[in-house]
Amino acid sequence: MYRHLERRLVDHLREFLRRTYDLEIANIVVEQPPQIEFGEYALPIAFELARKLRKAPRKIAEEIVAGVGAIPGFEKFEVAGGGYINVRVSRAELATALAADLSFAGRSSADRSSAANVPPGKVLVEHSSINPNKAAHIGHLRNAILGDTFVRLLRFAGREVDVQNYIDNTGVQVADVVVGFLHIEKKSRAQIEALAAAPRFDYLCWDLYARVSQWYEEDKSNLQARAATLRAIEEGNNETAAIADVISVAVLKRHLETMERLDTEYDFLPRESEILHLHFWDAAFTKLKEASVLAYENEGKNKGCWVMRRAGTSAKPLTTEDPSASPSASLGASAKAAGSEGTDEGEIAEGKITEEDQKVIVRSNGTVGYVGKDIAYHMWKFGLLGRDFGYRKFYRYPNAHDCWISTTDGEKDHPHFGDVAEIYNVIDARQSEAQNTVIEALRELGHGEAADRYTHFSYEMVALTPRCAAELGYNLSEEDKARPWIEVSGRKGFGVKADDLLDALIISAGKEVDVRHPELSEAERASIATQIAIGALRYFMLKFTKQSVIAFDFKDALSFEGDTGPYAQYAVVRASNIFRKGGFDPDAYCRDQASRVSTADFAKYLTGESGNDIWELWLAASKTSYIVSQCIATTEPAYLAKHAFQLAQLFSTFYHRYPILSEADEGRRKFLLTTAAVVRRELIRVLAAMGIGVPPVM
RNA sequence: GGGCCCGUAGCUCAAAUGGAAAGAGCAUCGGAUUUCUAAUCCGAGGGUUGCAGGUUCGAUUCCUGCCGGGCCUACCA
């Protein structure tokens, strides 16, 4: 609602400016006034126009207010301060529309969003991508929760989305655990298979992985075992590769189970083994050489390798007499000249990249590194490779949704994966350079459009506070104790496992539920505790903006009060309680003709002081689709968490201030009940987009 | 050395393309007519937004330089 009105406002204003001043303003800034009394929208446009029109901002604002005319849904334009234009919408009309939206409650979100505005084509979101050699930890949880929430946001906006989880099953990390079982534990294949079938095999691997790292430290010659194992795994069709497959598949299943606890599902699991065995790289390599994206290095430390320019570096002229010629500083002065010079500079160097700026794609022994495989994989994602995976069903979720996995020769009938219009890779900020190198490779291959639709959804890591590390029993150096946070390390076995954190959250929530609802069965209490735990965890991971390092601490993560998921869940539960006590069905309430509030009544109850109060709640409730589009445009789900919290907070105040069932005036009671029904509905939708369900009672 | 990111209340974090008095939560202190259950609400204290310049009508936000911290900078993935 809010979003549609804003668009209408901007369109009218743009047209007015064109007509009146002959000005074309592409981006008209719209804000919200600091106080609800001032209106719903604020336009600082007059300040921006002041210089162009050589007039005082206030004068311009007055002209706009006088001339813009009537816009459906809006009531009033006012000049405020030195030149702000405050805009008031028709509260009654907006409330009527928002209340009526409840009648579409049963429809899918795609029906709600205006289909015309949905961009064409499928979106591919890759997230999780956990090495299948040990248990998932809190860092992986942040990734999966960000990724899964982004998927939900895209679907909310009507996009068709494929969710992929890339599995590096042939890398050193898996090799290390194989080494551990074979060389340290001296296990046979049969014994490993038996262990892999036991519960929480990933925990066993977690510890073993740390011990292997230790074992390498003790005697560097032990590293030979890793090299030999890695080679055997990459080759395939041998005992070592078979053992690696047993391990990686078993751990992968554990990861899927862990993520399922968080209501996170995947559609397809592309594996590195198939990138290798189906020769994706060979196809990519040919194209990369043809397009001269790769250069063969004849000398220096990278002699014998195929290299690419590292992303973020630029070709520098050999003579730097003119400092203004540097590519980044040249745009303002003489963009045209700088553009041609830029290519000249590249040619002057004849594609020669300084050793420092070289990224090795193919090693001198002919094997391809991670970035090379990733380039091939991303060419596949955009349908540019000319090859495809084999597919087979791998994992079935309780809702009968199938998750597919790559194989060399798969089933005949399978969904069509890849070949998408847009991709988002949820990968932490440490891999920015590698991601940008892949994007550059696509661009240099001539696929600029694909490169533009490739988004590295970058976020910062989850680390532990020194206190948390101490609680977990790690001995810290004085230096570490003074740090704000300490990085998690799988190699050292240092971190908080995802399942452990979930278990701790469920136990903690369970204690509260047991006290509050002793009358419920154990199964009911467990189910509520689980929903609260997931709500707390998902909210916790989403409330921080992406670029903020989360310094993890059990105290904060286990909190259920204030700015938390359970707080928002509780607001919904309270709203439900009103209807239960009142004997109404909250979902059906606004659909019921008898309970419908007329536009005139909305106008009556949404004025005055208490009207302002309640209107603030309605306005917040109208913003969901606006917030969702902001989250998508900025790849920042944290705005959604903020929105959920604000909505819950406003509702809690409303709930406390206005007793509903005891309201004597029947018309007003209906209005208050409608308010509760609308907010409840919107809050449930917002929480659902965050992957958070709401328990029946709390 | 080079690249990217961060520095806001005691603590943890917000502040969309620069905009009206920089906001929450936690913690501390003080309250809430025994009511739609308090996992809640109300109130108080707490800030020269790391420092110094610059651009702008306007800077937490953009630019430059410092100070402090993190990550990346492998023929690992």
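Chain letters run A, B, ... following the sequence lines, proteins first, then strands; residues in each count from 1. Values below: every heavy atom of this structure, side chains too, minus hydrogens, waters and symmetry copies.
With respect to the salt-bridge test (charged N to carboxylate O, under 4.0 angstrom), the residues A:Glu355 and A:Lys303 do not qualify. For the pair A:Glu479 and A:Arg483, the salt-bridge criterion is met [side-chain N within less than 4.0 Å of a carboxylate O]. Salt bridge absent: A:Asp168 and A:Arg271 never bring a charged side-chain N and a carboxylate O closer than 4.0 Å. Ionic pairing of A:Arg309 and A:Glu440 is not present here: no N-O contact between side-chain nitrogen and carboxylate oxygen is shorter than 4.0 angstrom. Ion pairing between A:Asp553 and A:Lys555 fails under the 4.0 Å rule for side-chain N and carboxylate O. Comment: A:Arg3 does not engage A:Glu6 in a salt bridge, judged by the lack of any side-chain N to carboxylate O separation of less than 4.0 angstrom. Between A:Lys481 and A:Glu478 there is a salt bridge, with a side-chain nitrogen of the basic residue lying less than 4.0 Å from a carboxylate oxygen of the acidic one.
Comparing A:Ile85 and A:Phe645, the nucleotide of RNA chain B nearest to each residue sits closer to the 5' end for A:Ile85. Sequence order on RNA chain B of the closest nucleotides to A:Glu519 and A:Gly81 puts A:Gly81 first from the 5' end.
Of all nucleotides listed (B:rC36, B:rA39, B:rA15), B:rC36 comes nearest to the side chain of A:Ile660. When distances run from any side-chain atom of A:Lys555 to the nucleotides B:rU37, B:rC26, B:rC13, the shortest one goes to B:rC26. The side chain of A:Arg574 sits closest to B:rA38 out of B:rA14, B:rA20, B:rA38. The side chain of A:Ser652 lies closest to B:rU40, out of B:rA16, B:rG25, B:rU40.
Here A:His517 lies in heavy-atom contact (under 4.0 Å) with a base. No engagement by A:Ala311 is indicated, since no non-hydrogen atom pair under 4.0 Å with the nucleic acid exists. Here A:Asn86 lies in heavy-atom contact (under 4.0 Å) with a base. Among the protein residues, A:Gln569 comes within range of no part of the nucleic acid, since none of its heavy atoms lies under 4.0 Å from any strand. Within 4.0 Å (heavy atoms only), A:Tyr658 reaches at least one base atom of the nucleic acid. Counting non-hydrogen atoms under 4.0 angstrom, A:Tyr567 reaches the backbone sugars and phosphates but no base. Residue contacts for A:Val174: at a heavy-atom cut-off of 4.0 Å it reaches no nucleic acid atom on any strand shown. Within 4.0 Å of A:Val30, counting heavy atoms only, lies at least one base atom of the nucleic acid.
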- [ ] Report the secondary structure of RNA chain B in dot-bracket form, marking unpaired bases with a dot and bases paired to a different strand with |, and treating Watson-Crick or G-U pairs with both distances under 3.5 Å as paired.
- [x] (((((((..((((.....[...)))).(((((.......))))).....(((((..]....))))))))))))....
- [ ] Could you encode protein contacts along nucleotides 67-77 of chain B as a string, one character per nucleotide from 5' to 3', using B for base contact, S for sugar-phosphate-only contact and - for no contact, with a heavy-atom cut-off of under 4.0 Å?
- [x] ---SSSS-BSB
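Between the side chains of A:Tyr166 and A:Asn425, not a single donor N or O lies within less than 3.5 Å of an accepting N or O.
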List the atom pairs, donor and acceptor, that lie under 3.5 Å between side-chain atoms in residues 532-544 of chain A and the rest of the protein, sequence neighbours left out.
unit_1, atom_1, unit_2, atom_2, d
A:Arg538, NE, A:Met690, O, 2.7
A:Arg538, NH1, A:Asp148, OD2, 3.0
A:Arg538, NH1, A:Leu262, O, 2.7
A:Arg538, NH1, A:Thr264, OG1, 3.4
A:Arg538, NH2, A:Asp148, OD2, 2.8
A:Arg538, NH2, A:Thr149, OG1, 3.2
A:Arg538, NH2, A:Met690, O, 3.2
A:Tyr539, OH, A:Asp563, OD1, 2.5
A:Tyr539, OH, A:Ala641, O, 3.3
A:Lys543, NZ, A:Asp563, O, 3.1

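Straight-line distance between the P atoms of B:rA21 and B:rU60: roughly 12 Å, to the nearest whole Å. Across the P atoms, B:rC66 and B:rA44 are found 44 Å apart, a figure rounded to whole Å. Separation of the P atoms belonging to B:rU48 and B:rU64 is 27 Å when rounded to the nearest angstrom. Comparing B:rG45 with B:rA24, their P atoms are spaced 13 Å from each other, to the whole Å. Straight-line distance between the C1' atoms of B:rA74 and B:rA27: roughly 45 Å, to the nearest whole Å.
Between the side chain of A:Asn577 and the base of B:rU37, no donor-acceptor pair under 3.5 Å is found.
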For nucleotides 55-59 of chain B, list the nitrogen or oxygen atoms of the protein found under 3.5 Å from its nitrogen or oxygen atoms, one pair per line.
unit_1, atom_1, unit_2, atom_2, d
B:rU56, O3', A:Arg51, NH2, 3.4

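At the phosphate of B:rU37, OP1 or OP2 sits under 4.0 Å from a side-chain N or O atom of A:Lys581. The shortest distance between the side-chain N/O atoms of A:Thr653 and the OP1/OP2 oxygens of B:rC42 is below 4.0 Å.
Checked against salt bridge (charged side-chain N to carboxylate O under 4.0 Å, His left out), A:Glu616 has no partners two or more places apart in sequence or in another chain.
For the segment residues 626-638 of chain A, the set of residues with a heavy atom within less than 4.0 Å of an atom of RNA chain B comprises A:Tyr626, A:Gln630, in numerical order.
Cation-pi check for A:Lys546 over A:Phe457 is met; the charged atom lies under 6.0 angstrom from the ring centroid and within 45 degrees of its normal.
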